[in-house]
Amino acid sequence: MTSTSRKAYGVKGAPYAFLLPATVLFLLFFALPIGYAVWLSFRKVQVSGLGLGSGARREVWAGLENYTDALTDDELVAGALRVLGYGCIVVPVMLGLALLFALMLDSEKVRLTPVTRLAIFLPYAIPGVVAALLWGFLYLPDVSPFYFVLEKLGLPQPDLLDGGPLYLALSNIAVWGGTGFNMIVIYTSLQAIPTEVYEAARLDGATPLQIALRIKIPMVAPSLVLTFFFSIIATLQVFNEPTTLKPLTNSVSTTWSPLMKVYQDAFGKGDIHAAAAQATIIALATLLLSFGFLRAANRRNKQEASR
């Protein structure tokens, strides 16, 4: 091999050399654990006799038994329905506030934009467990300053950790922590819109409200799709908030969300095979919903572009 060919080979192989560390890390810490979880989901522990002695408990092939049990598990289905109701509150409220804040910050009339942007984004930087603990104590009547003020004013003091209000309490934590991130994504897209577009709209007599509704929002539609995609994934994987609030109320069970059910079966009951099957089903459901939404959004964009 000549020196010229070696140099050409080295140049062509350089991208693969840069990709190698990331590929190795992806295989070791992402692909391999997923493959192992899927493998565990097709197996189960078979107990012989009293389960005592060597060889009394052995791992055998279970086929689709774990998946059948998971799909017919009332607790898992109930958890999925609770998360669905939780998501119907969180996603529209969080994205609506994120879009509103982004449009307000993009307005020329708003002052101290960097400080305001940081204040809105700051809750996202707080870990989810810390945020849930913070709001959890604010929800407790005995220690919450809000309940103290309501009591002094003679106003009703609702229990936000019981019954229907629990959904609002959990949703508030998610909205408080996630609005800032989504706002930054949408605001960045607004900053990328050429100013000439706004100037042309003003020359045509468009008001700020018309510019926001007819120009800004349609042009940041891809960012809205992206934030909706992330919000769906985060909603289906809710775990920190209900788990953290569980010691503060009896309304949150150990299987309130699907991921809590997986955790309870794996580490509470010690049935890692059933938990692996449930985790695989949740991952597939998340994948199908997310990419189904992305495909529908892309199809709509192509239809609008062809008009």
Side-chain angles (χ1 to χ4, degrees), residues 78-79 81-105 107 109-184 186-187 227 230-231 234-261 263-264 268:
L81 293 176
R82 281 190 288 264
V83 168
L84 179 62
Y86 165 84
C88 289
I89 300 174
V90 171
V91 175
V93 173
M94 181 169 60
L95 296 186
L97 288 176
L99 178 60
L100 177 62
F101 290 149
L103 291 172
M104 291 174 60
L105 291 175
S107 175
K109 297 181 180 180
V110 176
R111 299 181 180 180
L112 300 176
T113 299
V115 177
T116 307
R117 185 171 64 243
L118 178 62
I120 299 173
F121 178 77
L122 190 60
Y124 177 74
I126 299 177
V129 175
V130 176
L133 280 174
L134 170 66
W135 281 102
F137 283 107
L138 290 177
Y139 293 150
L140 288 176
D142 294 335
V143 297
S144 173
F146 299 137
Y147 282 90
F148 175 79
V149 174
L150 291 175
E151 182 182 2
K152 293 300 181 182
L153 295 176
L155 298 176
Q157 306 170 35
D159 188 357
L160 297 177
L161 295 178
D162 187 26
L166 177 63
Y167 285 86
L168 298 178
L170 290 169
S171 301
N172 175 65
I173 300 173
V175 170
W176 182 78
T179 299
F181 170 79
N182 295 302
M183 180 273 296
I184 289 295
I186 300 172
Y187 177 73
T227 53
F230 288 152
S231 300
T235 300
L236 293 175
Q237 296 179 349
V238 60
F239 179 81
N240 287 335
E241 292 86 353
T243 302
T244 306
L245 292 184
K246 183 183 176 301
L248 305 179
T249 175
N250 293 326
S251 298
V252 180
S253 64
T254 56
T255 59
W256 191 89
S257 71
L259 281 188
M260 292 177 68
K261 177 69 166 61
Y263 181 87
Q264 177 65 19

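Given the structure is predicted, the values throughout are model-derived calculations rather than measurements. Side-chain atoms are counted along with the backbone in the values below, which use heavy atoms only and exclude waters and symmetry mates.
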### Task
Report yes if some heavy atom in the side chain of Thr116 is under 4.5 Å from a heavy atom in the side chain of Met104; otherwise report no.
no
### Summary
Smallest heavy-atom separation, Ile126 atom then Ala131 atom, equals CG2-N, 4.0 Å
Let me check something: any side-chain donor-acceptor pairs from residues 148-168 under 3.5 Å, sequence neighbours excluded? List them with distances.
unit_1: Asp159; atom_1: OD1; unit_2: Leu161; atom_2: N; d: 3.2
unit_1: Asp162; atom_1: OD1; unit_2: Ser251; atom_2: OG; d: 2.8

### Query
Which pair of heavy atoms, one from Gly87 and one from Pro92, lies closest together, and at what distance?
O-CD, 3.7 Å
### Query
Leu95 and Ser231: side-chain contact (heavy atoms from CB on, under 4.5 Å), yes or no, with the steps?
CA-CA 8 Å; Leu95 296 186; Ser231 300; 3.7 Å; yes
## Note on the structure
Gly79 and Pro258 have their tightest heavy-atom pair at O-CD, 3.5 Å
### Query
Okay, side chain of Arg82, backbone of Ser257: is any donor-acceptor separation there less than 3.5 Å?
no
### Task
Mind listing the closest non-hydrogen atom pair of Thr235 and Val83 along with its distance?
O-CG1, 3.4 Å
### Query
Using 30° and 60° as the class limits, which term best fits the ring planes of Phe230 and Phe181: parallel, tilted or perpendicular?
tilted
Donor-acceptor pairs under 3.5 angstrom involving side-chain atoms of residues 137-144: please list them, not counting sequence neighbours.
unit_1: Tyr139; atom_1: OH; unit_2: Ala169; atom_2: O; d: 2.9
unit_1: Tyr139; atom_1: OH; unit_2: Asn172; atom_2: ND2; d: 2.9
unit_1: Ser144; atom_1: OG; unit_2: Leu138; atom_2: O; d: 2.5
unit_1: Ser144; atom_1: OG; unit_2: Phe146; atom_2: N; d: 3.2

### Message
Rounded at 0.5 Å granularity, tell me how far OG in Ser171 sits from CE in Met94.
### Response
10.0 Å
### Task
Indicate the atoms forming the closest heavy-atom contact of Leu245 with Gly136, along with that distance.
CD2-CA, 3.4 Å
### Message
When you measure from the side chain of Thr179 to the backbone of Ala98, do you find a donor-acceptor pair of N or O atoms at a distance under 3.5 Å?
### Response
no
### Query
Can you name the one residue among Leu84, Val90, Ile89 that meets side chain to side chain contact (heavy atoms under 4.5 Å, CB included) with Tyr86?
Val90
### Task
Carefully, step by step, assess Leu105 and Met183 under the rule side-chain contact (heavy atoms from CB on, under 4.5 Å).
CA-CA 10 Å; Leu105 291 175; Met183 180 273 296; 3.5 Å; yes
### Query
Can you name the residues that form a ring pair (Phe, Tyr, Trp, His ring centres under 6.0 Å) with Tyr263, not counting sequence neighbours?
Phe239, Phe267
### Query
Got a second to check how far Thr254's OG1 is from Gln264's CD, nearest 0.5 Å?
4.0 Å
### Message
Is the shortest side-chain heavy-atom distance between Met260 and Pro242 below 4.5 Å?
### Response
yes
### Query
CD1 of Ile184 to OG1 of Thr227: how many Å apart, nearest 0.5 Å?
13.0 Å
